[in-house]
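These notes concern the structure reproduced below.
Read the numbers this way: they start at 1 and go in the same order the structure lists the ligands and their atoms. Numbering starts at 1 and runs along the sequence shown. Since we're looking at a predicted model, the values are computed, not measured.
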Amino acid sequence: MRHFNIDHCQIEIGNIETSSFDEILSTRYGKNKKVILVDENTHDACLEYLITAFPSLEDAEVMLLPAGEENKVLEVCFQVWEAFSDYQISRADVIINLGGGVVTDMGGFIASVFKRGLDFIHIPTSLLGMVDASIGGKTGIDLGPFKNQIGTFQHPAFIYIDYRFISTLPQEEVLNGFAEMLKHALIADAAHWNQLIKVNPYLLAENQSLQAFIEHSAQIKINVVQQDPTEKGIRKSLNFGHTIGHGIEGFCLESGEPIAHGHAVALGMIAESYLSFKKQFISEKELMQIVACITQGFDYVAFSLEAKTRITELMLNDKKNDHSGIKAVLLNGIGNVHLDVIVSQSEALDALTYIDSAFSGN
Ligand SMILES: NC(=O)c1ccc[n+]([C@@H]2O[C@H](COP(=O)([O-])OP(=O)(O)OC[C@H]3O[C@@H](n4cnc5c(N)ncnc54)[C@H](O)[C@@H]3O)[C@@H](O)[C@H]2O)c1
């Protein structure tokens with residue numbers, strides 16, 4: 001079991017049955033109500049195990065959230081808050097978020113503002129949740145096509161990262177988590193990057209090093225957040241691939257054909273690596289290595305010129321911007337970054353067009 005702390009948030013990575021979870025439930029929250037938030041898939045794949053392994057959860061209230069990014073919205077939060085009121089949830093009670101990044105982002109947000117804040121615990125069940133979304137205290141929901149526009153900085157009281165949940169995760173979701181692992185390596189750890197590019201992404205779930213990779217990737221995130229909890233500096237590096245990635249994700253949400261967050265970030269990383277190359281921050285060889293790694297794992301998505309233009313418009317409303325324009329994180333070699341690089345709308349359009357050539361090999 002590996003133990004970490006970010007402020008008062010305790011993070012344990014390893015077998016949840018030998019973690020502090022059982023003891024925390026009986027000592028810290030013994031007399032209090034427990035609510036478990038799940039989505040349809042984690043309800044079917046993960047809930048029974050948790051309740052069987054931890055009998056003190058037998059009388060927990062289970063609340064089912066609709067799965068998918070399109071449901072990471074205020075209307076769903078509203079229903080949960082009403083249910084909390086019906087169950088007379090008090091400030092002393094605890095919310096357990098059992099799911100991927102959608103459940104932990106939205107469940108964290110729901111808990112962080114109800115009665116001005118309840119304790120919550122994240123148990124991430126997707127790879128993306130384990131290495132990234134559950135860590136760092138960003139909670140949030142989307143506002144139309146704009147990602148995570150409403151939210152809080154509020155750490156969970158505890159995070160339990162247990163690889164067992166990967167066993168039921170669909171293959172495409174393993175890939176989506178891999179995208180954030182690649183991001184962590186690209187922004188902070190060239191040696192880790194050199195390990196990950198040798199991995200066949202389609203066999204990642206069976207890779208003997210998966211646990212070590214998850215631990216390493218989660219540690220990169222923990223390390224960055226410990227240095228800069230409120231994203232004034234180095235934490236911005238975690239947004240690599242996300243300026244264009246969030247534009248793509250928002251556009252797809254708006255068009256009624258959602259794309260997975262990890263997939264959008266993978267495409268965003270191709271585009272933002274291209275911008276890094278154009279600004280001479282990385283070499284052509286480095287760009288080609290990144291493109292080869294991402295295009296072998298992730299599917300191509302074609303966007304018309306009109307769609308690309310709309311994506312750049314959505315980027316103008318990105319949370320990271322101020323009034324000076326679109327701000328992106330670009331690579332500075334592999335394993336380092338340039339923060340707050342201003343990117344014009346035409347550069348962003350050019351980078352989106354580059355995604356087409358990256359996949360066609362031209
Ligand atoms: N807060 C942060 O710092 C942060 C960082 C990165 C991403 N995010 C957010 O995370 C979200 C993406 O997370 P995600 O990729 O986990 O998406 P997700 O929560 O939608 O999970 C992906 C899919 O896998 C299913 N699933 C999850 N665990 C499962 C399991 N063990 N077995 C079977 N099915 C399972 C889910 O039901 C869902 O259908 C986005 O909303 C993104 O904005 C937040």
Side-chain angles (χ1 to χ4, degrees), residues 6 9 16 37-50 64-73 76 97-109 112 120 122-143 145-156 159 161-184 205 217-218 220-222 224-225 229-231 235-242 245-246 248-250 252-253 258-266 268 318-319:
I6 305 177
C9 167
I16 192 169
L37 296 184
V38 284
D39 71 13
E40 291 129 335
N41 300 316
T42 61
H43 175 275
D44 293 352
C46 312
L47 183 65
E48 189 182 341
Y49 157 72
L50 200 73
L64 188 62
L65 309 176
E69 186 71 31
E70 62 278 25
N71 294 307
K72 205 174 108 177
V73 293
V76 173
N97 298 311
L98 179 68
V102 168
V103 170
T104 55
D105 271 19
M106 184 158 62
F109 175 65
S112 75
F120 55 97
H122 284 338
I123 305 179
T125 59
S126 68
L127 178 59
L128 192 145
M130 291 179 196
V131 299
D132 196 351
S134 69
I135 302 165
K138 279 188 183 177
T139 80
I141 53 171
D142 304 332
L143 188 64
F146 301 113
K147 287 274 304 172
N148 305 327
Q149 293 275 301
I150 316 283
T152 56
F153 276 107
Q154 174 73 53
H155 287 288
I159 306 173
I161 299 175
D162 185 331
Y163 330 103
R164 79 183 57 231
F165 296 110
I166 301 279
S167 65
T168 55
L169 197 62
Q171 167 64 28
E172 77 257 28
E173 298 302 343
V174 175
L175 269 176
N176 292 327
F178 191 53
E180 298 282 18
M181 291 167 76
L182 293 175
K183 178 197 74 179
H184 288 164
S217 196
I220 293 175
K221 171 110 190 217
I222 292 167
V224 171
V225 176
T230 51
E231 203 168 295
R235 185 167 181 173
K236 293 180 188 177
S237 63
L238 294 165
N239 295 318
F240 173 63
H242 283 63
H246 274 169
I248 291 174
E249 202 180 348
C252 293
L253 267 177
I259 182 174
H261 176 75
H263 189 179
V265 168
D318 192 275
K319 290 185 303 305

Which atom pairs, one a donor and one an acceptor, fall under 3.5 Å between side chains of residues 64-71 and the rest of the protein, sequence neighbours left out?
residue : atom : partner : partner atom : Å
Glu69   : OE1  : Lys147  : NZ           : 3.4
Glu69   : OE2  : Lys147  : NZ           : 2.7
Asn71   : ND2  : Ala67   : O            : 2.7

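- Contact residues for ligand 1 (protein heavy atom closer than 4.0 angstrom to any ligand atom): Asp39, Asn41, Thr42, Ala45, Cys46, Glu69, Lys72, Gly100, Gly101, Val102, Asp105, Thr125, Ser126, Leu128, Asp132, Ala133, Lys138, Lys147, Asn148, Phe165, Thr168, Leu169, Pro170, Glu173, Glu180, Lys221, His261.
- Between His261 and His246, the closest side-chain pair of non-hydrogen atoms falls below 4.5 Å.
- In this structure, His122 has its ring center closer than 6.0 angstrom to the ring center of Phe120.
- The side-chain heavy atoms of Ile6 and Pro229, taken from C-beta on, include no pair separated by under 4.5 Å.
- The residues Lys221 and Glu180 are annotated as not salt-bridged, no charged nitrogen and carboxylate oxygen being separated by less than 4.0 angstrom.
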Please lay out, stage by stage, how Thr42 and Thr125 fare under the test side-chain hydrogen bond (donor to acceptor under 3.5 Å, both in side chains).
-> CA-CA 7 Å; Thr42 61; Thr125 59; 5.2 Å; no
